[in-house]
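Following: one structure in structure tokens, then a few remarks.
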Amino acid sequence: MAIERSVGRVFRVQHKAPGGPHVRQGFVLEPGRWAEFDPFLLMAEDWFQRGTFGDHPHRGMETVTLVLEGRLEHRDNHGGAGVLGPGDVQWMTAGGGVVHAEEPLPGETVHSLQLWVNLPRAEKMTPPAYQDLQREKLPVRREEGAKIAVISGSSGGVRGLARSRVPVTAIDASLEAGTAVEQDLPANYNGFLYVLSGSGRFGRDRTRAEAGEVLLLPPVQAGQRARCGLEAQEALRVVLFAGQPLREPVAAYGPFVMTTQEEIEQAFLDYRSGKF
């Protein structure tokens with residue numbers, strides 16, 4: 001029998017309006033809480049216009065971008081390119097170094113989520129890669145009153161298409177009011193839910209949460225099967241991400257995430273000398 005996951009804590013995302021083309025922003029997962037969120041580094045929710053995220057570098061992590069509204073154009077210096085619309089996902093492996101831009105199409109405002117996934121020390125310098133996952137091509141688990149797009153990992157036997165360096169389960173679930181489903185998760189995975197719209201109850205204690213709230217799912221006893229219940233009180237859209245913790249040191253500065261300060265300094269040197 002699978003263990004029912006309990007929710008560790010619930011908190012509300014605090015958004016602010018910095019002005020200019022960056023219309024609104026908030027952290028679903030705040031940076032700096034490396035051990036608590038491991039293997040995840042941060043998740044940002046943004047509303048932005050063209051001129052916000054022009055050319056910028058990354059090293060040592062993967063970025064997972066889910067577009068909620070608008071159309072987002074991506075291009076990088078390794079040949080990755082594409083335009084993402086609502087429900088589309090971009091999974092980019094920065095690895096040893098990439099320079100890219102993520103900009104709304106002219107005249108549009110994009111609403112997106114971007115998750116940073118840490119890379120293991122042994123794979124920090126892996127070659128960059130880009131995956132463009134269109135909404136209509138994402139595998140979907142369908143239950144009565146529920147539609148679950150599977151980005152990576154699996155849900156109810158449906159497997160996602162994303163190739164991740166760290167094992168990650170990622171779903172985008174829409175449930176009609178009164179619908180309940182269960183999501184299997186390896187017991188040692190660390191995870192979270194973010195409610196995009198509606199409200200529901202989650203986990204063993206049927207913890208209530210509504211739009212704009214995050215629920216953390218800490219790991220349970222290793223070697224056990226585990227699951228998390230999702231129940232919609234009203235029409236619900238919720239994303240779930242869970243991954244295998246790395247339990248490695250984290251050194252981060254700006255767009256670079258490595259394991260030592262010396263590696264961060266080397267990343268800046270390599271970027272400035274054109275080695276990305």
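Note that these values count all heavy atoms, side chains included, but never hydrogens, waters or copies made by symmetry. The shown structure was predicted, so the numbers you read here are calculated from the model rather than taken from an experiment.
Ser112 and Thr65 make their closest contact through CB-CG2, 4.3 Å (heavy atoms, listed as atom of the first residue, atom of the second, distance). A pairwise comparison of heavy atoms in Pro57 and Pro255 identifies O-CB, 2.8 Å as the closest pair. Considering every non-hydrogen atom in both Thr259 and Pro249, the closest pair reads CG2-O, 3.4 Å. Among all heavy-atom pairs drawn from Gly145 and Thr179, the shortest one is O-OG1, 3.4 Å. Closest heavy-atom contact between Val220 and Ala226: CG2-CB, 4.0 Å. Scanning both residues, Gly200 and Leu236, for their nearest heavy atoms gives N-CD1, 4.3 Å.
To the nearest 0.5 Å, atom CZ of residue Arg163 and atom OG of residue Ser152 are 12.0 Å apart. To the nearest 0.5 Å, atoms CG (Asp38) and CG (Leu246) are separated by 5.0 Å. A distance of 10.0 Å separates CD of Glu30 from CG of Leu42, quoted to the nearest 0.5 Å. Atom-to-atom distance recorded for Arg227:CZ and Arg204:CZ is 10.5 Å, nearest 0.5 angstrom.
Phe40 and Phe192 have their aromatic ring centers within a separation under 6.0 angstrom. Side-chain rings of His100 and Tyr130 stay apart, their centers remaining 6.0 Å or farther from each other. Taking the six-membered ring for Trp and the full ring otherwise, Phe268 and Tyr253 have centroids separated by under 6.0 Å. Taking the six-membered ring wherever Trp is involved, the centroid distance between the rings of His22 and Trp47 does not fall below 6.0 Å.
Looking at Gln90 and Asp88, their side chains never bring a donor and an acceptor atom within 3.5 Å of each other. There is a side-chain donor-acceptor pair under 3.5 Å between Glu45 and His15. Side-chain contact of Thr63 with Gln114: a donor-acceptor pair under 3.5 Å is absent, judged by distance alone. Arg237 and Ser174 form no side-chain donor-acceptor contact under 3.5 Å, judged by distance and modelled atom types alone. Of the N and O atoms on the side chains of Thr93 and Arg165, not one donor lies less than 3.5 Å from an acceptor on the other residue.
Between Asp172 and Arg135 there is no salt bridge, since none of the side-chain N atoms of the basic residue sits less than 4.0 Å from a carboxylate O of the acidic one. Electrostatic pairing of Arg208 and Glu210 counts as a salt bridge here, judged by a charged N lying under 4.0 Å from a carboxylate O. Salt-bridge annotation for Arg201 and Glu231: absent, with no side-chain N of the basic residue lying under 4.0 Å from a carboxylate O of the acidic one. Taking the charged nitrogens against the carboxylate oxygens, Glu108 and Arg71 do have a contact shorter than 4.0 Å, which makes a salt bridge. A salt bridge is defined here as a Lys NZ or Arg NE, NH1 or NH2 lying under 4.0 Å from an Asp or Glu carboxylate O, and Arg75 with Glu102 fails to meet this definition.
Counting heavy atoms from C-beta on, the side chains of Leu29 and Phe27 never come closer than 4.5 Å. For the pair Pro139 and Leu161, the minimum side-chain heavy-atom distance is below 4.5 Å. When side chains are defined from C-beta on, Lys124 does not count as touching Glu263, because their heavy atoms never get closer than 4.5 Å. Under the 4.5 Å side-chain criterion, counting only non-hydrogen atoms from C-beta, Val166 is not in contact with Asn118. Residues Leu193 and Cys228 form a side-chain contact, since some pair of their non-hydrogen atoms from C-beta on lies under 4.5 Å apart. Side-chain contact between Glu62 and Glu123: absent, with no pair of heavy atoms (C-beta onward) separated by less than 4.5 Å.
When atom types are taken as modelled, the side chain of Ser155 and the backbone of Val150 share no donor-acceptor pair closer than 3.5 angstrom. Side chain of Asp76 to backbone of His78: a donor-acceptor contact under 3.5 angstrom is found. Counting only distance, with no hydrogens or angles, the side chain of Glu213 and the backbone of Leu196 share no donor-acceptor pair below 3.5 Å.
The aromatic rings of Phe276 and Tyr271 sit tilted, their planes meeting at an angle between 30° and 60°.
With side-chain heavy atoms closer than 4.5 Å counting as contact, directly or through intermediates, Val140 stands alone and belongs to no larger hydrophobic cluster.
Each of Phe53, Phe256, Trp116 was checked for a ring pair (Phe, Tyr, Trp, His ring centres under 6.0 Å) with His58, and the lone residue meeting it is Trp116.
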